[in-house]
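Some notes on the structure that comes next.
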Amino acid sequence: MLARLSQGRSPPGGAGGMLLLPLPLGLMMMMMMAVTVAGVDTTESGESQEILEDDEAASTEIQESESSDLSRMSPLSSWLIFRRNSNKADNRRTKGSRRTSKHGLPGPPGPPGPQGPPGPPAPLLPQQQELIQELQLQLRVLFLLFLLILLLLSDMAGVCLLCDHPPRVSTSFLSRLLQTVIISRRSLLELQPFSKPSDSEQSFQRGQTFNASTGRYTAAVSGFYQLTASLLIESGDRAQVRLRDSVRAAICIESLCQSNLSVESVMGVAAAGGTFSILLTGTLYLQAGEYVSVFVDNATGSSISVLQDSLFSGILLGV
């Protein structure tokens with residue numbers, strides 16, 4: 001619009017006057033814009049300077065308040081201190097274990113329980129069992145022979161070691177099994193026959209009341225008789241073993257082992273089998289004419305053998 005006015009009112013001087021009029025106006029507008037921008041910059045710089053001064057003042061105030069007295073802190077300083085110290089290692093939260101016991105804290109340990117029963121002893125080796133059984137059999141035989149020799153010597157010398165007047169042994173016998181006797185499973189058998197006494201065993205024989213073929217000794221007089229049987233038994237291996245499997249031996253009166261008084265012994269049988277011995281010794285009162293004999297009851301599931309030279313002996317102790 002200024003250009004149009006200038007064109008309408010141009011002086012007669014020509015085109016130079018038309019270009020001179022807008023230049024001052026443009027310079028004035030540029031100067032006004034620069035002043036405005038400078039004012040804005042000045043205002044913004046003043047505001048930022050004020051903010052920096054306020055922060056410095058706040059930090060200075062916080063430091064002074066920390067060093068002087070904690071009770072005079074302002075809410076702002078407290079908040080700034082909290083933010084500055086909340087991320088340090090000492091103040092970090094650690095997640096504790098959320099798993100808790102349903103029954104509370106564990107109690108003290110209880111008293112110790114009672115001691116259990118001792119375990120079974122270790123089984124012996126077959127060689128050890130055989131040695132022990134052989135030793136036991138030899139000791140028993142030696143003991144019997146010693147008793148008989150002692151009685152015979154006291155009778156021959158006329159000296160009694162236990163009394164003032166030596167008694168005379170009127171009845172005694174000693175005999176061995178003639179051959180091996182096999183006893184079937186679950187069966188009872190009377191041992192026979194026995195061998196006749198050898199020359200070395202003739203001195204142990206008093207009277208003729210022992211029947212070697214039947215294995216029975218008949219009492220000549222009523223009285224107390226010491227009877228002994230030492231049996232050597234052999235059993236084979238068995239596939240199945242029961243707790244009730246055993247071998248029972250007895251010296252019975254008149255073959256009535258259940259109703260009459262008898263001398264008996266029971267021995268268990270191992271599954272591996274082997275050789276073992278049974279010793280029977282005891283005192284029975286026999287009436288004159290009653291006989292005694294040896295019975296073996298095989299209560300196992302397989303047959304057993306009573307070996308040769310098993311002993312059967314007896315002696316009259318008194319009336």
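Below, each value reflects all heavy atoms present in this structure, side chains not excepted, and no hydrogens, waters or symmetry copies. On a predicted model such as this, the values are computed, not experimentally measured, just so you know. Residue indices begin at 1 and follow the sequence shown.
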| said: For Phe173 and Phe312, take the angle between the two ring planes, folded into 0 to 90°, and tell me which bin it lands in: parallel under 30, tilted 30 to 60, perpendicular over 60. | reply: perpendicular

| query | Looking just at side-chain N and O atoms, do Ser255 and Tyr291 make a donor-acceptor pair shorter than 3.5 Å? | reply | yes

| Residue Leu131 excluded, over 12 heavy atoms near CG under 6.0 Å | yes

| query | How about Leu76 and Leu80: do any of their side-chain heavy atoms sit closer than 4.5 Å? | reply | yes

| request: Check Leu286 against Glu290 and note the closest heavy-atom contact, atom names and distance. | output: CA-OE1, 3.7 Å

| remark: Tightest non-hydrogen contact, residues Met267 and Ser277, listed as CE-O, 3.7 Å

| request: Tell me yes or no: between the side chains of Gln287 and Ser222, is some donor less than 3.5 Å from an acceptor? | output: yes

| field | Minimum heavy-atom distance Ile183-Asn298, with the two atoms named | value | O-ND2, 3.3 Å

| query | Can you tell me how far CG of Leu231 sits from CG of Leu311, rounded to the nearest 0.5 angstrom? | reply | 9.0 Å

| field | Flag side-chain contact, heavy atom, 4.5 Å: Asp297 against Val266 | value | no

Between side-chain atoms of residues 185-194 and protein atoms elsewhere (two or more places apart, or another chain), which donor-acceptor pairs fall under 3.5 Å?
{"residue": "Arg185", "atom": "NE", "partner": "Gly301", "partner atom": "O", "Å": "3.0"}
{"residue": "Arg186", "atom": "NH1", "partner": "Ala299", "partner atom": "O", "Å": "2.7"}
{"residue": "Arg186", "atom": "NH1", "partner": "Thr300", "partner atom": "O", "Å": "2.5"}
{"residue": "Ser187", "atom": "OG", "partner": "Ser184", "partner atom": "N", "Å": "3.4"}
{"residue": "Ser187", "atom": "OG", "partner": "Ser184", "partner atom": "O", "Å": "2.5"}
{"residue": "Glu190", "atom": "OE1", "partner": "Arg216", "partner atom": "NH2", "Å": "3.3"}
{"residue": "Glu190", "atom": "OE2", "partner": "Arg216", "partner atom": "NE", "Å": "3.0"}
{"residue": "Glu190", "atom": "OE2", "partner": "Ser293", "partner atom": "OG", "Å": "2.7"}

| Pairwise side-chain contact, Phe210 with Ser175, heavy-atom cut-off 4.5 Å (strictly under) | yes

| message | One pair to check against side-chain hydrogen bond (donor to acceptor under 3.5 Å, both in side chains): Glu234 and Ser305. What are the steps and the verdict? | response | CA-CA 5 Å; Glu234 183 178 16; Ser305 300; 5.4 Å; no

| task | To the nearest 0.5 angstrom, please state how far the CD1 atom of Ile251 sits from the SG atom of Cys257. | result | 10.0 Å

| request: Mind checking the CD-CG spacing from Gln179 to Leu177? Nearest 0.5 Å is all I need. | output: 7.5 Å

| message | Count I, L, V, M, F, W, Y as connected when their side-chain heavy atoms are under 4.5 Å apart, and connections chain through other members. Are Leu227 and Leu261 then in the same cluster? | response | yes

| remark: Residues Ser230 and Leu137: closest non-hydrogen pair is OG-CD1, 2.9 Å

| note | The reported gap from CG in Leu256 to CZ in Phe295 (rounded to nearest 0.5 angstrom) is 8.5 Å

| field | Value rounded to 0.5 Å, distance of CZ in Phe146 from CG in Leu139 | value | 13.5 Å

| said: If I take atom CG from residue Leu147 and atom CZ from residue Phe204, how far apart are they, to the nearest 0.5 angstrom? | reply: 10.5 Å

| query | Is there a side-chain contact between Gln136 and Ile132, using heavy atoms and a 4.5 Å cut-off? | reply | yes

| Minimum heavy-atom distance between Ala250 and Leu280, given as atom pair plus value | N-CD1, 3.7 Å

| request: State whether a side-chain donor-acceptor pair under 3.5 Å links Thr281 with Arg140. | output: no

| said: Under 4.5 Å between side-chain heavy atoms, counting indirect links through other Ile/Leu/Val/Met/Phe/Trp/Tyr residues: same cluster for Leu279 and Val141 or not? | reply: no

| Beyond-backbone contact of Gln205 with Leu174, side-chain heavy atoms, under 4.5 angstrom | yes

| Quick check: are there more than 12 heavy atoms from other residues, nucleotides or ligands sitting under 6.0 Å from CZ of Phe224? | no

| Sole candidate of Leu317, Leu316, Leu284 that passes side chain to side chain contact (heavy atoms under 4.5 Å, CB included) when paired with Tyr225 | Leu316

| query | Heavy atoms, side chains only, cut-off 4.5 Å: are Asn260 and Glu254 in contact? | reply | yes

| field | Shortest non-hydrogen separation from Ser195 to Leu178 and the atoms involved | value | CB-CD1, 3.8 Å

| said: For residues Val294 and Val247: do they belong to one hydrophobic cluster (side chain heavy atoms under 4.5 Å, members Ile, Leu, Val, Met, Phe, Trp, Tyr)? | reply: yes

